[in-house]
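One structure, as structure tokens, below. Some questions next.
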Amino acid sequence: MLQAGLAAGAAAAVTLAPVAFAAAAEGERTQVITGHLPTGAADFVYLPVRVPAGVREIAVSYDYDRPAVPPGTAGNSCDIGIFDERGTGLGGPGFRGWSGGFRTSFALSRGAATPGYLPGPVRPGTWHVVLGPYQVAPQGMDYRVEVTLRFGDPGPAFTPSYPPERARGRGRAWYRGDCHLHTVYSDGRRLPAEVAAGARAAELDFIVSTDHNTPSSHGVWGPLAGPDLLIVTGEEVTTRNGHWLALGIGPGEWIDWRYRSRDDAYPGFVRQVHRSGGLVVPAHPYCPYVACQWKFGYEGADAVEVWNGPWTYDDESAVDSWDARLAESLRHGRPWLPAMGNSDAHSVPQVIGLPQNVVLAEDLTRADVLNGIRSGRSWIAESAGVRLDFTATGQGRQAGIGERLTVPGDAPVDVRLEVSGVPGGTVRFVTDQGQLHQESLPASGAGTVTWRTTASLATYVRAEVRHPRADGTPGQGNTMGPDLPWGPMAALTNPVLLQAAR
Ligand SMILES: [Zn+2]
Ligand SMILES: [Zn+2]
């Protein structure tokens, strides 16, 4: 029976036989559902629950076996969530919460819900508990789901408090923000208040809340925002073929994640985010964890997260492929994809704001910050301690990060980087030909590096500032060898484009 459901539809799913509850005036009733899922059964397994009238609260707990597996073989791992009587349709109104594999139980009622779940009416009809068998051992997975309905008066409704769409800015200025953060509303261990405090401690001007697959935290950020901190609502959309950030979606808006690259559903959700004025940003595209590598391509994306958390080798891959796409986009006269960096911080000791985007925005508002990111007028810093200014000047004209300088092809163009906060750092100027200039910073970490080129020689110029390598040497960017020629990234700019005037 399980196998029969596999052939059709988006993200293979199966629906089991429903369980029904008799109505009651008070008290509670519990039903237990058990079953076995073979390896490769389905991405999602739907357990229909017929909910009668008069239910005050639905509570669900679950467990599954974890048989021993040889090293290198996936063991059992199963996510859970719930849809209400409005159905399980892709992107539909029935979504009521998801806790991934982070919790073993949850409950929801009109006035309250476990973080990750949406408080609201518990109406009669067929609800669905959803299992997401993420990894299944060769032996299969035995699961047990316990559903308890509590009857009685539903009590007062939950009132969400969404964050305001502007903070007290400095007008047109560079603003710092971390656009990929988790809380206890998905699989982080920080409360939203702790994330807001961490953002202030990191000297950030804005953050985007991106819990996995649920907007349930949106309604609690209101009191935590303030004149000094803009909080933007978002979601990290966690598909089986990679994760993407939906930045700046509407308060309470939910973006579905139940599809793979092969399913054709992704472009519709990209359009949904764009209709809401938000940004689509593939996250950590080369992260080696299961289902984390990006397989949807970059069409429709507004930026790409090339730097995720402390600098690691997968970030090198992300920067390399982003750099290659820059030249390709310019060749076709298409918009180029800006780079972003975010912490993806979940819990202590992960550092909020490592790294962060420094964005040129007209003011500290949701729309202005998103515009700055979309236009590539931003660079990435490992902390608020790193500052830089990057320009290209020719024929009396100057362009900054994300801007275009149009000059005769053979006219001298002076590229200038002023940087501080990277002791012994290495500055690299990279064009469509690769690294064309390298220079070390003094122990003070501050310096100015200049280099002359032309629009004929370089289609774009971007800057990297690297820390020294583990052995203390700066490295040499144009060499080959068994080790990376550079140390970890301290700052990375979007390009200045150079165009030869005709
Ligand atoms: Zn992710
Ligand atoms: Zn994340």
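Note that ligands are numbered from 1 as they come in the structure, with each ligand's atoms numbered from 1 the same way. Keep in mind it's a predicted model, so treat the numbers as computed, not measured.
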Inspect the contact between Asp228 and Arg200 and indicate whether a charged nitrogen and a carboxylate oxygen are less than 4.0 angstrom apart.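 Salt bridge: yes.
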
For the metal site, I want the angle between atom OD1 of Asp344 and atom NE2 of His182 with the Zn ion (ligand 2) at the apex, to 10°.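 Between OD1 of Asp344 and NE2 of His182, the angle at the Zn ion (ligand 2) is about 90°.
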
Would you call Asp483 and Arg469 a salt bridge, using N to O less than 4.0 angstrom?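 No, this pair does not count.
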
Can you tell me if Arg325 has over 12 outside heavy atoms packed within less than 6.0 Å of its CZ?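 It does: Arg325 CZ has more than 12 such atoms within range.
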
To the nearest 10 degrees, calculate the angle at the Zn ion (ligand 1) involving OE2 of Glu236 and ND1 of His243.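 For OE2 of Glu236 and ND1 of His243, the angle centred on the Zn ion (ligand 1) reads 100°.
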
Looking at the Zn ion (ligand 1), is one of the N, O or S atoms of His180 less than 2.8 Å from it?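 His180 does not place any N, O or S atom closer than 2.8 Å to the Zn ion (ligand 1).
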
Are the ring centres of Tyr266 and Trp244 closer than 6.0 Å?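 Centroid distance Tyr266-Trp244: below 6.0 Å, so yes.
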
